[in-house]
Protein chains: 2
Amino acid sequence: MRVFDREKGFAMGRYRSFDETRAMDGAIACFRERGYHASSMRDLEREMGLKSSSLYNAFGDKKTLFLRALEAYMDASPRRRIALLDRSADPLAAIECFLGSIVLVSAADPCGCLLVNSAASPVALDKEIRAAVSGGLGELEAALLRALERAVTQGSLAPEAPVRDLARVLLGAVVSIRVLSRTSPGEPWLRSIADGALAQLRASSPAALAS
Amino acid sequence: MRVFDREKGFAMGRYRSFDETRAMDGAIACFRERGYHASSMRDLEREMGLKSSSLYNAFGDKKTLFLRALEAYMDASPRRRIALLDRSADPLAAIECFLGSIVLVSAADPCGCLLVNSAASPVALDKEIRAAVSGGLGELEAALLRALERAVTQGSLAPEAPVRDLARVLLGAVVSIRVLSRTSPGEPWLRSIADGALAQLRASSPAALAS
DNA sequence: GAAGATCTGGAGCGCATGTTTCAGAATCAA
DNA sequence: TTGATTCTGAAACATGCGCTCCAGATCTTC
């Protein structure tokens with residue numbers, strides 16, 4: 001509303017004295033570490049550097065804030081990975097790189113992924129939030145599927161490769177790595193899962209399926 | 001204390017007027033559906049059929065209750081599956097049966113597994129609870145590893161099969177199935193992940209590794 | 001400057017939370 | 001029966017929750 005009016009030239013009233021992006025980062029960090037139910041509005045105010053009135057004025061109530069944080073997180077992390085997948089010249093190498101990165105990040109940061117954490121959380125019992133989470137996971141799955149289909153087109157995967165199932169396996173690997181990283185099993189442990197999923201891709205290579 | 005004294009013949013005081021097992025089942029159901037932080041003591045009182053004084057007297061505070069519920073859940077579900085694995089004559093078939101059952105149960109009941117849900121939940125930030133969760137997941141991994149090693153001994157898996165990595169992949173499949181089932185993707189979707197993991201086992205069969 | 005709009009800081013709303021307290025009921029040993 | 005012990009039901013306790021309100025500051029338009 002503020003932005004809308006101001007952009008239209010109807011601008012009026014006091015400016016916001018905080019960086020909305022930085023505030024969102026604080027919200028993401030809070031929800032990522034403590035989840036929805038264990039993050040109090042006081043926690044969020046502190047991590048976002050806002051007083052409650054500013055917070056409510058700018059971002060709405062707790063649920064709306066969560067939905068915005070999830071959306072901002074999607075832009076900041078999963079969708080960047082998706083863009084890398086889509087832009088890569090070698091889709092299989094990009095997938096390998098993708099999983100390897102997930103392993104490294106997960107081993108280093110036990111907070112996990114806001115999207116995956118939310119899927120396992122009771123906050124997903126809420127209809128809107130579950131829709132957002134399903135949507136986010138669906139984006140990832142679709143991106144992996146696109147990459148696999150490109151690999152088929154390029155000949156690095158056999159035409160009869162079960163790309164739809166493989167995309168699900170890859171998404172499953174990401175999910176399990178991110179969940180299990182919360183118990184700090186160590187990087188080699190997590191890499192076992194990533195390598196297992198990648199081995200399945202290789203089992204669908206033209207050479208493997210020809211024999 | 002009550003039980004202890006009574007068993008020793010020093011018994012005194014009023015009997016408990018509720019079924020402790022039934023009460024634990026209520027606690028498990030509550031924590032499984034709503035998780036730790038979103039389950040209020042009032043919710044637990046209702047689902048367990050207890051007043052707060054009885055609840056605190058019998059099970060301690062919320063965290064202690066959660067730890068007991070997790071332990072009871074382990075006995076009621078994962079450890080039964082583990083026993084089936086250990087007792088089976090054909091370990092690979094038992095693993096297949098195990099994963100298939102997880103798929104069916106997960107598709108039918110979107111509440112998921114208390115152990116897996118807890119791993120992804122911020123309640124696992126607590127040291128004791130994280131230890132319990134890690135222990136539970138470790139039991140599962142160890143059981144899968146035992147089954148795989150028996151498969152090697154029996155000759156249904158090649159001696160050079162990477163059983164440790166395969167056990168992790170299988171545990172990862174279980175985790176991802178249980179997490180993703182919370183977004184209700186449907187049974188065929190979940191089965192793709194189970195079948196993928198099983199395909200990896202077959203890739204370590206003596207025949208596959210001989211070629 | 002005045003009028004109108006928005007944002008900030010702080011106080012505080014009503015309510016739910018986890019937990020405690022306690023009188024009374026139930027049980028046993030003596 | 002009496003005394004000791006434990007359990008039950010109901011009523012709270014203090015605290016923290018999500019959220020609102022409002023006076024005053026800051027901004028644009030006139």
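Chain letters run A, B, ... following the sequence lines, proteins first and then strands; every chain starts at 1.
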Query raised in the report: Rounded to the nearest Å, what distance is computed from the OH atom of residue A:Y56 to the P atom of nucleotide C:dA11?
Result: 18 Å
Query raised in the report: Roughly, in whole Å, what's the span from NE2 in A:H37 to C1' in D:dG16?
Result: 17 Å
Query raised in the report: Do A:D195 and A:R191 meet the salt-bridge criterion of a basic N to acidic O distance under 4.0 Å?
Result: no
Query raised in the report: Considering only D:dA10, C:dC7, D:dC7, which nucleotide approaches the side chain of B:K51 most closely?
Result: D:dA10
**Report entry** Pair A:R22 + A:D25, salt bridge at N-O below 4.0 Å
**Finding:** no
Report task. Give the rounded distance in Å between these two atoms: CG of B:N57 and C1' of D:dG9. Result -> 13 Å
Requested in this report: Take the protein atom CG of B:L50 and the nucleotide atom P of C:dG18, then report the distance between them rounded to whole Å.
Outcome: 15 Å
Query raised in the report: For the pair made of CZ in B:R16 and P in D:dC7, what is the distance, rounded to whole Å?
Result: 5 Å
Requested in this report: Provide, to the nearest angstrom, the distance between the CZ atom belonging to A:R46 and the P atom belonging to D:dG18.
Outcome: 12 Å
Query raised in the report: Can you check the A:E45 CD to D:dT20 C1' distance for me, whole Å?
Result: 12 Å
Report task. Under 4.0 Å between any heavy atoms, over every strand shown, what does B:S40 touch: base, sugar-phosphate, or nothing? Just pick one. Result -> sugar-phosphate
**Report entry** Salt bridge flag under 4.0 Å for residues A:E141 and A:R164
**Finding:** no
Query raised in the report: Any Lys/Arg nitrogen of A:E47 or A:R32 sitting under 4.0 Å from an Asp/Glu carboxylate oxygen of the other?
Result: no
Report task. May I have the distance from B:L44 (atom CG) to C:dT17 (atom P), rounded to whole angstrom? Result -> 11 Å
Query raised in the report: Are any of B:R14's side-chain N or O atoms less than 4.0 Å away from OP1 or OP2 of C:dA25?
Result: no
Query raised in the report: Are A:E45 and A:K51 within salt-bridge range, i.e. N to O under 4.0 Å?
Result: no
Query raised in the report: Does B:Y15 have a side-chain nitrogen or oxygen under 4.0 Å from the phosphate oxygens OP1 or OP2 of D:dC7?
Result: no
Query raised in the report: Can you find a donor-acceptor N/O pair under 3.5 angstrom joining the side chain of A:S52 to the base of D:dT20?
Result: yes
**Report entry** Minimum-distance nucleotide (side-chain atoms of A:S53 versus C:dT8, D:dA10, C:dT19)
**Finding:** C:dT8
Query raised in the report: B:R42 or B:F18: which one's nearest nucleotide on DNA chain D is closer to the 5' end?
Result: B:F18
